[in-house]
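All heavy atoms count here, side chains included; hydrogens, waters and symmetry mates do not.
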Amino acid sequence: MSRKPDTLAVTLGRPDGPGAPLNQPPVLASTFHYGGADYGRFGTDSHAAFETTIGALEGGTAVSFSSGMAAAAAVIEQVPVGGRVVIASTVYHGVTTLLSDLTDMGRLSRTVVDATDLDAVRAATQGASMVWIETPSNPLIEMLDVSAIAKIATAEGIPLVVDSTFATPVLMQPLALGAQIVVHSATKYIGGHSDLLMGVAITNDEATAEALVRQRSYRGAVPSGFDSFLALRGVRTLPLRLRRASASAAVIAERLAAHPAVTRVYYPGLASDPGHELAKKQMSEYGGMLSFCVASEDDAEEVLGAAELVVSATSLGGVETTGERRNRWNEGAPTGLIRLSVGIEDVDDIWADLKQALDRLPHASGG
Ligand SMILES: *Cc1c(COP(=O)(O)O)cnc(C)c1O
């Protein structure tokens, strides 16, 4: 009988046999006796243990990299010279920056589209080499229709790449929805403890998987044995952490929406959210990421400054709740927008901290 994902997250990627350790120990070696791995840059048992596990969860072959950006760069290298990439306007700023640098170099070109508009995606995809989307997106936690966009890419005979860092395989499996490549910053939920940098690309196309291994071998963006060990340890509890964060985010989103100092909440789990129906269709839960607005930049800074439990920090997906005023990255986000990565602390403690910070704002009603 085939096992469920929560079981696979625990059972895969382990050595077996009499006397073998239960966990794959970190392989801290560059050089090996002839006849096996040979040399660390070509991959070790530490990489394989992590890749087997995350690959099974996504339903494809996984290739790990030294960061999410290294995984993204290796995937983008699959675009032929002079090819064109269609990217959703909401993709991660690092990917946008890389594509704009590659455009400036004449390596490729890009078309930025509002990917909620399927006609715009269809038009932009004609003659393109790759479509790249990210959902739920940053920082407006916007939903894009993965299967509809996959159909458009497939009709053009080109791959759809989904950066699924916010969802993880626990909440959504883009390959099953028609995408050809999934990319994660494993630095975030997969690692889950804010203590490593890693990335992974998963594909259901064997030729692409081989090309990605080749990229990693000869560009050299190999993750360390120790980071691979930590990332796999993160995967063991990924389903538990994600579901806890997701359940807490739903509670926090409701309470924020009812607070008088909050002008807007972005969370696909709210029935009023524009992405709600789509999220219900393609995700198993709504995730731990949410954003909300207060009246101004100063108010947002005051809330973050007054928060004691909520750590002011960029990045996301750790066990600890973090928050940041996203407009500091000049992403065109509303100036009073705070993005929260809801952690696994007690939800009432998280809310009490946010509430005492929000209650200081002049806009809060006196009652
Ligand atoms: C952080 C992040 C990346 C980049 O990953 P690194 O591990 O920081 O290189 C890519 N996409 C998304 C959605 C991210 O949040």
ask   = Should Leu144 and Leu99 be regarded as members of a common hydrophobic cluster, given that ILVMFWY residues are connected when their side-chain heavy atoms come within less than 4.5 Å of each other, either directly or indirectly?
value = no

ask   = Hey, any chance Leu175 and Ile54 share a hydrophobic cluster, counting ILVMFWY side chains that come within less than 4.5 Å of each other, even indirectly?
value = yes

query = In the single-linkage hydrophobic clustering (I, L, V, M, F, W, Y; side-chain heavy atoms under 4.5 Å), do Val183 and Leu242 co-cluster?
reply = no

Ser246: side chain to side chain donor-acceptor pair (under 3.5 Å) partners, not counting sequence neighbours = Glu285

inquiry  = How long is the straight-line distance from CG of Leu212 back to CD1 of Ile181, given to the nearest 0.5 Å?
reply    = 6.0 Å

ask   = Between CG of Asp349 and OG of Ser248, what distance do you get to the nearest 0.5 Å?
value = 10.5 Å

key: Shared hydrophobic cluster, Leu256 / Leu316 (ILVMFWY, side-chain heavy atoms < 4.5 Å)   = no

inquiry  = Taking the side chain as everything from C-beta on, heavy atoms only, tell me whether Asn138 gets closer than 4.5 Å to Met289.
reply    = no

ask   = In terms of heavy-atom contacts, does CZ of Phe226 have more than 12 from other residues, nucleotides or ligands at under 6.0 Å?
value = no

task = Evaluate the side-chain proximity of Tyr189 to Leu238: yes if any heavy-atom separation is below 4.5 Å, no if none is.
result = yes

ask   = Are a donor atom and an acceptor atom from the side chains of Asp114 and Thr116 found within less than 3.5 Å of each other?
value = yes

note = Between Trp132 and Ile76, the two heavy atoms sitting closest are CZ3-CG1, 3.8 Å

ask   = Under the 3.5 angstrom rule, does the side chain of Thr53 hit a backbone N or O of Ala49 as a donor-acceptor pair?
value = yes

key: Working for side chain to side chain donor-acceptor pair (under 3.5 Å), residues Thr125 and Glu156   = CA-CA 7 Å; Thr125 299; Glu156 189 65 21; over 6 Å; no

ask   = Hey, what do you get for NE2 (His47) to CZ (Phe42), rounding to the nearest 0.5 Å?
value = 12.5 Å

query = Which heavy-atom pair separates Val235 from Arg241 by the least distance, and what is that distance?
reply = N-NH2, 4.4 Å

request  = Nearest 0.5 Å please: distance from the NZ atom of Lys280 over to the CG atom of Asp273.
outcome  = 12.0 Å

ask   = Does a donor on one side chain and an acceptor on the other come within less than 3.5 Å for Arg84 and Ser129?
value = no

task = Please determine if Arg219 and Glu77 form a salt bridge, counting it only when a charged side-chain N lies under 4.0 Å from a carboxylate O.
result = yes

ask   = Shortest non-hydrogen contact from Val303 to Ala357?
value = O-CB, 3.5 Å

inquiry  = I'd like to know if the side chain of Asp163 pairs up with that of Thr165 as donor and acceptor (distance under 3.5 Å, no hydrogens or angles considered).
reply    = yes

query = Roughly how far, to the nearest 0.5 Å, is the OG atom of Ser291 from the CG atom of Leu340?
reply = 7.5 Å

remark   = Heavy-atom nearest pair, Ala249 first then Gly288, reads CB-CA, 3.9 Å

query = Under the criterion side-chain contact (heavy atoms from CB on, under 4.5 Å), which of Thr208, Ile158, Ile202 is the partner of Gln180?
reply = Thr208

inquiry  = Is it the case that the side chains of His184 and Glu58 hold a donor-acceptor pair, with the cut-off being a distance below 3.5 Å and no angle test?
reply    = yes

inquiry  = If only side-chain N and O atoms count, and only distance matters, is there a donor-acceptor pair under 3.5 Å linking Glu345 with Thr321?
reply    = yes

Main-chain N/O of Ala307 paired with Asp353 side-chain donor or acceptor, under 3.5 Å = no

query = Side chains of Ser64 and Glu51: do they bring a donor and an acceptor to under 3.5 Å?
reply = yes

query = Does any non-hydrogen side-chain atom of Leu171 lie less than 4.5 Å from one of Tyr286?
reply = no

query = Do we see a donor-acceptor contact under 3.5 Å between the side chains of Ser194 and Glu320?
reply = yes

ask   = Should we say atom CZ of Arg214 is surrounded by more than 12 heavy atoms from elsewhere, each under 6.0 Å from it?
value = no

request  = Following the transitive rule for hydrophobic clusters with a side-chain heavy-atom cut-off under 4.5 Å over Ile, Leu, Val, Met, Phe, Trp and Tyr, establish whether Met198 and Val182 coincide in one cluster.
outcome  = yes

ask   = Going through the distances and angles, do Arg325 and Leu337 end up as a side chain to side chain contact (heavy atoms under 4.5 Å, CB included)?
value = CA-CA 6 Å; Arg325 199 176 62 74; Leu337 181 138; over 6 Å; no

query = Does the pair Asp299/Arg360 count as a salt bridge with the N-to-O cut at 4.0 Å?
reply = no

ask   = Please walk me through it: do Arg243 and Asp6 pass salt bridge (Lys or Arg N to Asp or Glu O under 4.0 Å)?
value = CA-CA 11 Å; Arg243 293 210 185 92; Asp6 288 30; 2.7 Å; yes

message = Does Asp346 have more than 12 heavy atoms from other residues, nucleotides or ligands lying within 6.0 Å of its CG?
response = yes

inquiry  = Nearest 0.5 Å, please: how far is CG in Leu354 from CD1 in Ile338?
reply    = 8.0 Å

task = Determine the minimum heavy-atom distance between Ile133 and Ala115, stating which atoms define it.
result = CG2-CB, 4.4 Å

key: No-hydrogen, no-angle side-chain donor-acceptor test under 3.5 Å, His259 and Asp359   = yes

remark   = Here the pair of heavy atoms bringing Val170 nearest to Ser284 is O-OG, 3.1 Å

ask   = Is a salt bridge present between Asp145 and Lys281, judged by a nitrogen-to-oxygen distance below 4.0 Å?
value = yes

request  = Kindly determine whether Arg110 and Ser100 satisfy side chain to side chain contact (heavy atoms under 4.5 Å, CB included), including the steps that lead there.
outcome  = CA-CA 8 Å; Arg110 74 205 186 286; Ser100 109; 3.4 Å; yes

message = Regarding Arg255 and Asp348, does a basic nitrogen lie under 4.0 Å from an acidic carboxylate oxygen?
response = yes

task = Compare all side-chain heavy atoms of Phe292 with those of Tyr266 and state whether any distance is below 4.5 angstrom.
result = no

